[in-house]
Amino acid sequence: MRRSAAMAEGALLEAAGLRLSLPDFSRKPPFGAAPLVDILHGIDLALAPGDTLGVVGESGSGKSSLGRTLVRLHTPTAGRLRFDGRDITNLPEDRLRPLRAQLQMIFQDSQSSLNPRHRVAGIVARPLRLHRRVETRAEARRQVDALLERVALRPAHAARYPHELSGGERQRVGIARAIALRPRLVVADEIVSGLDVSNQAQILALLRELRLDLGLALLFISHDLSVVRTVCDRVMVMLNGRAVEQGDCAAIFAAPRHPYTRRLLNAIPLPEVDPDWVARTVDNELGEKVTMKVKDSVALVTGANRGVGAAFAGALLDRGAAKVYAAMRSTEGYQAPDGRVRPIEIDLTDHDQIARAAAECGDVTLLVNNAGVNHNQPISADAAQRNARDEMEVNFFGTMEMCRQFGPVLGANGGGAVINMLSILSRVNLPMIGTYCASKAATLSLTQGVRAELAAQGTLVVAVMPAAINTRMGSMNPPPLEEPIDVANAALDAIEAGEEDIYPGVVAGGVSQGLAADPKGVEKQFAAYLPG
């Protein structure tokens with residue numbers, strides 16, 4: 001994620017490349033330390049005085065951990081955190097304590113965040129006493145009464161215990177405590193998620209008033225985009241500890257770029273009663289047209305050192321891809337065409353190597369499975385079984401393993417796209433190269449299965465089925481031959497348009513139409529091209 005435009009001079013709070021790892025005590029061995037689990041992955045954000053940033057995402061996306069890290073309840077593992085121009089990333093607690101008054105947090109669970117043994121007056125007065133803002137009990141009581149009135153509570157509430165309050169009243173006490181020291185930054189963590197609609201509206205209205213009156217910078221954490229739209233100027237969408245989209249609220253609601261953001265927006269219930277809302281939302285997630293922008297994507301292309309793979313790399317760069325992993329069996333002698341291209345060795349017959357590549361390339365949002373083998377031999381050839389095993393090992397099993405290993409990577413990044421380079425021969429057999437056709441037909445079936453599995457995570461899977469291409473592999477075929485760059489651009493156009501099966505070129509398009517109209521006629525026509 002690029003640094004936001006708000007990351008400029010005058011920002012009250014700035015985070016750059018912020019990372020957080022915490023102990024996973026569920027996996028702690030009997031002896032020794034608990035292993036660390038990565039929570040936040042390179043978060044960039046900025047908040048100016050009076051600014052409001054909404055942080056949204058599903059449960060487990062890292063929202064609350066981010067909020068706690070920004071107010072230094074967690075110490076960042078890496079990156080930089082600055083408050084009012086001062087680096088507080090690793091500031092020790094004794095030097096951080098004077099800043100605590102300016103960095104406050106309102107917690108999600110108002111019941112557990114308020115001491116059940118203290119009355120409301122003592123809870124609200126405690127930060128005033130800790131920071132020596134009051135000297136006498138009478139002065140503390142006057143300020144507590146004023147704060148309670150400010151959050152629409154009566155002075156009588158001061159004598160009550162937390163369990164004697166409603167959920168909305170407890171949340172107002174938490175807000176009163178947070179603003180007691182007139183902080184400059186407040187992190188509000190899911191503070192209306194447990195309230196009924198009426199109390200939600202009242203709390204949100206109160207937050208808007210306080211922000212305007214006190215000039216607060218507000219970080220508002222929520223899983224509900226409809227609430228964020230009510231409160232915030234800007235929004236950051238989080239998924240698995242990463243910021244996948246960030247910008248002005250109005251712009252993101254009008255034209256979300258990331259598939260995950262679109263899924264969150266589709267899940268917002270309508271304000272009017274709609275009994276079919278849940279079923280409609282699930283249908284949209286599984287059946288809507290998924291698209292993806294190539295610009296700013298991170299792509300991995302197999303077989304990228306020549307032919308169609310090299311054309312894909314060039315087309316991706318031309319369209320503004322942020323990074324291209326150029327995968328090939330050996331990178332020896334390979335010259336990257338651009339600084340955005342990173343060569344990487346992947347042998348599709350080495351499943352362990354594919355797994356290591358998936359771990360190394362954790363930022364991939366577009367996978368192009370292009371590498372393949374064609375022995376250009378019929379099923380009747382002496383070496384047919386060996387040829388078939390080689391072609392299936394790369395064309396089918398290699399593609400399958402790439403999808404298996406990189407599917408979770410795409411899901412962790414909010415979805416994306418997979419392009420499987422097949423052939424029109426995946427739909428009809430040309431006896432001259434029968435084993436190759438069989439491997440491509442199997443890979444088409446695989447593609448359909450992968451498409452079904454990855455649809456729910458917002459990943460588009462495209463089958464690209466051209467006729468012969470003007471490459472070394474296609475040199476034995478009669479003209480016309482498709483140019484590699486044309487096929488690559490057609491595939492990239494497909495993911496931007498949300499098309500699942502494409503047939504680039506006149507020949508492939510004609511064969512596809514023929515199969516739809518008279519499949520047996522096409523089969524007989526291809527059968528005429530017998531080997532020998």
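Judged purely by distance below 3.5 Å, without hydrogens or angles, the side chains of N387 and T435 never pair a donor atom with an acceptor atom. For the residue pair Y334 and R306, no side-chain donor N or O sits within less than 3.5 Å of a side-chain acceptor on the partner. Under the 3.5 Å distance criterion, with hydrogens and angles disregarded, no donor-acceptor pair is assigned to the side chains of T365 and N413. Between the side chains of E345 and T331, a donor-acceptor pair is found at a separation under 3.5 Å. Residues E190 and H223 have side chains that bring a donor and an acceptor to within less than 3.5 angstrom of each other. Residues T302 and N369 have side chains that never bring a donor and an acceptor to within less than 3.5 angstrom of each other. Using a 3.5 Å distance cut-off with no hydrogens or angles, the side chains of R72 and T75 do pair a donor with an acceptor.
The backbone N or O of L47 sits nowhere less than 3.5 Å from a side-chain atom of D51 that would complete a donor-acceptor pair. Panel note: side chain D44, backbone G17; a donor-acceptor pair is recorded below 3.5 Å. Checked by atom type and distance alone, the side chain of S426 pairs as donor or acceptor with a backbone atom of S423 at under 3.5 Å. Not one N or O on the side chain of S297 forms a donor-acceptor pair closer than 3.5 Å with the backbone of A299. With K28 contributing its side chain and G32 its backbone, the two residues share a donor-acceptor pair below 3.5 Å. A donor-acceptor contact shorter than 3.5 Å is absent between the side chain of S512 and the backbone of A508. In this structure, Q405 contributes its side chain and A358 its backbone to no donor-acceptor pair below 3.5 Å. Put simply, the side chain of K293 never gets that close to the backbone of I495: no donor and acceptor are under 3.5 Å apart. For H375 (side chain) and Q377 (main-chain N/O), no donor-acceptor pair under 3.5 Å exists by modelled atom type.
E360 contributes atom CD, which lies 8.5 Å from atom CD1 of I346 (distance to the nearest 0.5 angstrom). Atoms CZ and CD, on F406 and E401 in that order, are 10.5 Å from each other to the nearest 0.5 Å. Of the inter-residue distances, the one linking T459 atom OG1 with M292 atom CE reads 9.0 Å to the nearest 0.5 angstrom. To the nearest 0.5 Å, the span separating CG on L425 from OH on Y436 amounts to 6.5 Å. Here the CG atom belonging to D318 is positioned 10.0 Å from the CG atom belonging to L492, to the nearest 0.5 angstrom. For the atom pair L367 CG and M402 CE, the distance stands at 4.5 Å (nearest 0.5 Å).
In this structure, V364 and Y325 have side chains that are in contact, with non-hydrogen atoms separated by less than 4.5 Å. Residues L22 and L20 are in side-chain contact: their nearest non-hydrogen atoms beyond the backbone lie under 4.5 Å apart. Within the 4.5 Å cutoff, the side chain of T52 has heavy atoms near those of the C232 side chain. Taking the side chain as every heavy atom from C-beta outward, V461 and E500 never approach each other to under 4.5 Å. Residues P504 and D486 are not in side-chain contact: their nearest non-hydrogen atoms beyond the backbone lie 4.5 Å or more apart. Put simply, the side chain of R257 reaches to within 4.5 Å of the side chain of E245, judged on heavy atoms. Between L36 and D38, every side-chain heavy-atom pair lies at or beyond the 4.5 Å cut-off. Side-chain contact check for F83 versus E14: every heavy-atom pair is 4.5 Å or farther apart.
Residue Q448 qualifies as enclosed at atom CD: its count of foreign heavy atoms under 6.0 Å is above 12.
Between R340 and D338 a salt bridge is recorded (basic side-chain N to carboxylate O distance below 4.0 Å). A salt bridge links D363 and K323; the closest N-O separation between the charged side-chain nitrogens and carboxylate oxygens is under 4.0 Å. Using a 4.0 Å cut-off between a side-chain N of Lys or Arg and a carboxylate O of Asp or Glu, D501 and R451 qualify as a salt bridge. Of the charged side-chain nitrogens involved, none lies within less than 4.0 Å of a carboxylate oxygen, so that R427 and E523 do not count as a salt-bridged pair.
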Next item on the list: Give the C-alpha distance, both sets of side-chain angles, the deciding distance and a yes or no for side-chain contact (heavy atoms from CB on, under 4.5 Å) between L366 and I419.
Entry: CA-CA 8 Å; L366 170 58; I419 294 174; 4.2 Å; yes
Notebook entry, point to check: Would D248 and R234 count as a salt bridge (charged side-chain N to carboxylate O under 4.0 Å, His left out) if you check the C-alpha gap in whole Å, the side-chain angles of each, and the deciding distance to 0.1 Å?
Noted result: CA-CA 4 Å; D248 291 337; R234 295 186 296 117; 5.4 Å; no
Note to self: Could you go through L45 and M236, starting from their C-alpha distance and side-chain angles, then the distance that decides it, and tell me whether this counts as side-chain contact (heavy atoms from CB on, under 4.5 Å)?
What the structure shows: CA-CA 9 Å; L45 63 82; M236 182 171 75; 3.9 Å; yes
Check: Could you walk me through whether L218 and L53 pass the side-chain contact (heavy atoms from CB on, under 4.5 Å) check?
Finding: CA-CA 6 Å; L218 177 66; L53 174 65; over 6 Å; no
Next item on the list: Determine, stepwise, if the pair N374 / E391 fulfils side-chain contact (heavy atoms from CB on, under 4.5 Å).
Entry: CA-CA 6 Å; N374 182 1; E391 289 160 344; 3.9 Å; yes
Check: Hey, mind stepping through S64 and D189 against side-chain hydrogen bond (donor to acceptor under 3.5 Å, both in side chains) and telling me if it holds?
Finding: CA-CA 6 Å; S64 295; D189 183 12; 2.9 Å; yes
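Under the salt bridge (Lys or Arg N to Asp or Glu O under 4.0 Å) criterion, D493 pairs with R319, not counting sequence neighbours.
Here the shortest heavy-atom pairing between N240 and A412 reads ND2-CA, 3.0 Å. In plain terms, the two heavy atoms of K63 and V55 that are nearest each other are CD-O, 3.7 Å. The shortest heavy-atom contact between V506 and E482 is N-OE2, 3.8 Å. Contact detail for L264 and G57: the closest heavy-atom pair is CD1-CA, 4.3 Å. Heavy-atom minimum distance, A438 versus N429: N-ND2, 4.3 Å. Here the closest non-hydrogen pair linking V507 and A467 is CG1-CB, 3.6 Å.
Each of V228, T261, L225 was compared with V235 under the side-chain contact (heavy atoms from CB on, under 4.5 Å) criterion, and only V228 meets it.
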